[in-house]
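Beneath this line is the structure, given in structure tokens, with notes to follow.
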Amino acid sequence: MAGMRLRRAPLLTLLLTLGISTAEARVRLGELLPQHPWTAAAQEVVVVYSHDCGDLGDLWSAVLAAGLPVRAVNAEDYPSPAPAGVQAWTGEAATTFARQLRVGAYPTVLLVQDGRIMNAWEGTFSGRLD
């Protein structure tokens, strides 16, 4: 069990400490998520991505290892699969959600607590969270 905690820490540490500064932020920290189709959890991770993000295998692995509920938002009208067990929200409403968030780059990972965006990470994922 301790090994699992070690795997979970890097993603949460990244989201809690690095994030993006409010001067550069397009996604606004502290704001409520726009309307979405899922039942909110006390704490959850939202991954907003599109078909042209490339291979997100390492990102999905890190997000799933965090141990929080994962919400996948596949924006921009071209279906792209989420990992097994994660239902991707697709279509026009998903794209509208991403635009209301003012997502600057895909993929974007949001740490959400009680419906509010606590931290955000945008851009290319290299496979390393430390």
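Only heavy atoms go into these numbers, but all of them, side chains included; no hydrogens, no water, no symmetry mates.
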Side chains of Leu68 and Val70, heavy atoms from C-beta outward: is any pair under 4.5 Å? no
Minimal non-hydrogen separation, His51 against Tyr78, with atom names: CE1-CD1, 3.2 Å
To the nearest 0.5 Å, what is the distance between CD on Glu92 and CG on Asp77? 7.0 Å
Please name the pair of heavy atoms, one in Thr108 and one in Glu122, separated by the smallest distance, quoted to 0.1 Å. OG1-CG, 3.2 Å
So do the side chains of Val48 and Pro107 get within less than 4.5 Å of each other, counting heavy atoms only? no
Working to the nearest 0.5 Å, report the span between OH of Tyr49 and CG of Asn74. 4.0 Å
I'd like to know whether CD of Gln87 has more than 12 heavy-atom contacts from other residues, nucleotides or ligands below 6.0 angstrom. no
Taken in chain and number order and not counting sequence neighbours, the residues that satisfy side-chain contact (heavy atoms from CB on, under 4.5 Å) with Pro37 are Trp89
Can a donor-acceptor pair be found, under 3.5 Å and without considering hydrogens, that links the side chain of Asn119 to the backbone of Leu111? no
Begin from the C-alpha positions of Tyr106 and Trp121 and carry the test ring-ring contact (aromatic ring centres under 6.0 Å, His included) through to its verdict. CA-CA 10 Å; Tyr106 296 121; Trp121 174 85; over 10 Å; no
Could you tell me which non-hydrogen atom of Ala98 sits nearest to which non-hydrogen atom of Ala75, and how far apart they are? CB-CB, 3.9 Å
So which atom in Ala120 and which in Val27 form the shortest heavy-atom distance, rounded to 0.1 Å? CB-CG1, 4.2 Å
Check: Thr90 and Thr95 side chains under 4.5 Å, non-hydrogen atoms: no
Taking the side chain as every heavy atom from C-beta outward, state whether Phe97 and Gln35 have any atom pair closer than 4.5 Å. no
Measuring only between side-chain heavy atoms, which start at C-beta, is Leu59 closer than 4.5 Å to Val109? yes
Can you list everything that forms a side-chain contact (heavy atoms from CB on, under 4.5 Å) with Gln100? Sequence neighbours excluded, please. Pro34, Thr96
Could you walk me through whether Leu110 and Val47 pass side-chain contact (heavy atoms from CB on, under 4.5 Å), step by step? CA-CA 6 Å; Leu110 307 173; Val47 179; over 6 Å; no
Please enumerate all residues that pass salt bridge (charged side-chain N to carboxylate O under 4.0 Å, His left out) together with Arg99, with sequence neighbours excluded. Glu76
Can you name the side chain to side chain donor-acceptor pair (under 3.5 Å) partners of Glu31, sequence neighbours left out? Arg102
Test: salt bridge (Lys or Arg N to Asp or Glu O under 4.0 Å). Region: residues 40-49. Which pairs qualify, not counting sequence neighbours? Glu44-Arg71
Distance, nearest 0.5 Å, that separates CZ of Arg116 from CG of Leu33: 10.0 Å
Residues at least two apart in sequence or cross-chain that pass side-chain contact (heavy atoms from CB on, under 4.5 Å) with Pro83, listed by chain then number, are Trp60, Leu64, Val86
Determine whether Ile117 and Trp38 fall in the same hydrophobic cluster, where Ile, Leu, Val, Met, Phe, Trp and Tyr are linked whenever their side-chain heavy atoms lie under 4.5 Å apart. yes
